[in-house]
Amino acid sequence: MFILHLLLFLLPFITYGLWLWLSKRNTEPGRWSAKPMAWLTLVGLVLVIAGLVGMASFDHAPDGANWRPSEMRDGVFVPGRYE
């Protein structure tokens with residue numbers, strides 16, 4: 001899950017970098033200055049928060065299900081699950 005949120009945060013930076021590279025504007029030194037970085041950081045944080053809210057809203061247990069934590073059974077890892 002950490003990788004997903006990291007990707008959501010980095011997505012605006014990657015998109016901006018690709019846009020600069022494709023438009024050949026990456027040679028101008030002011031393109032990665034503080035103002036675009038502040039906006040990219042803000043958009044990245046909004047995407048991460050939206051991802052967290054979405055996961056909290058849609059990741060529910062089925063009604064009447066009990067959580068069984070992960071365990072080692074006969075040397076085999078059995079992941080956590082709802083029963």
Side-chain angles (χ1 to χ4, degrees):
M1 289 311 193
F2 174 75
I3 304 248
L4 174 67
H5 296 304
L6 182 64
L7 180 65
L8 284 174
F9 180 76
L10 292 177
L11 189 63
F13 296 94
I14 294 168
T15 305
Y16 185 65
L18 283 173
W19 178 76
L20 287 178
W21 182 66
L22 291 174
S23 65
K24 306 294 186 207
R25 296 182 185 188
N26 59 348
T27 57
E28 298 175 28
R31 290 294 180 177
W32 287 98
S33 65
K35 190 171 183 178
M37 294 303 265
W39 281 106
L40 293 172
T41 302
L42 181 65
V43 170
L45 289 174
V46 167
L47 286 174
V48 169
I49 291 170
L52 288 170
V53 169
M55 285 177 54
S57 298
F58 299 113
D59 191 22
H60 293 285
D63 290 337
N66 293 323
W67 173 252
R68 299 286 303 202
S70 57
E71 60 184 333
M72 290 294 289
R73 192 179 302 161
D74 298 325
V76 177
F77 178 74
V78 179
R81 64 203 176 276
Y82 288 105
E83 289 183 348

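Values below: every heavy atom of this structure, side chains too, minus hydrogens, waters and symmetry copies.
Taking every heavy atom of both residues into account, Trp67 and Gly80 meet most closely at CH2-C, 3.4 Å. Nearest heavy-atom pair, Leu40 versus Phe13, reported as atom, atom and distance to 0.1 Å: CB-CE2, 3.5 Å.
For Ile3, the CD1 atom counts as loosely surrounded, since its 6.0 Å shell holds 12 or fewer non-hydrogen atoms of other residues, nucleotides or ligands.
The cluster map of Ile, Leu, Val, Met, Phe, Trp and Tyr, joined by side-chain heavy atoms under 4.5 Å apart, puts Leu11 and Leu42 in different clusters. Residues Val43 and Trp19 are members of one and the same hydrophobic cluster, defined by side-chain heavy-atom contacts under 4.5 angstrom among Ile, Leu, Val, Met, Phe, Trp and Tyr. No continuous path of ILVMFWY side-chain contacts below 4.5 Å connects Trp39 to Val48, so the two sit in separate hydrophobic clusters. Tracing side-chain contacts under 4.5 Å through hydrophobic residues (I, L, V, M, F, W, Y), one never reaches Phe2 starting from Val53; they form parts of separate clusters. Note on Leu20: it clusters hydrophobically with Met37, by side-chain heavy-atom contacts below 4.5 Å among ILVMFWY residues.
Exactly one residue among Leu47, Leu4, Thr41 makes a side chain to side chain contact (heavy atoms under 4.5 Å, CB included) with Phe9. That residue is Thr41.
Side-chain atoms of Tyr82 and Asn66, non-hydrogen and from C-beta on, never get closer than 4.5 Å to each other.
Here Leu8 contributes atom CG and Ile49 contributes atom CD1; the two are 11.5 Å apart, rounded to the nearest 0.5 Å.
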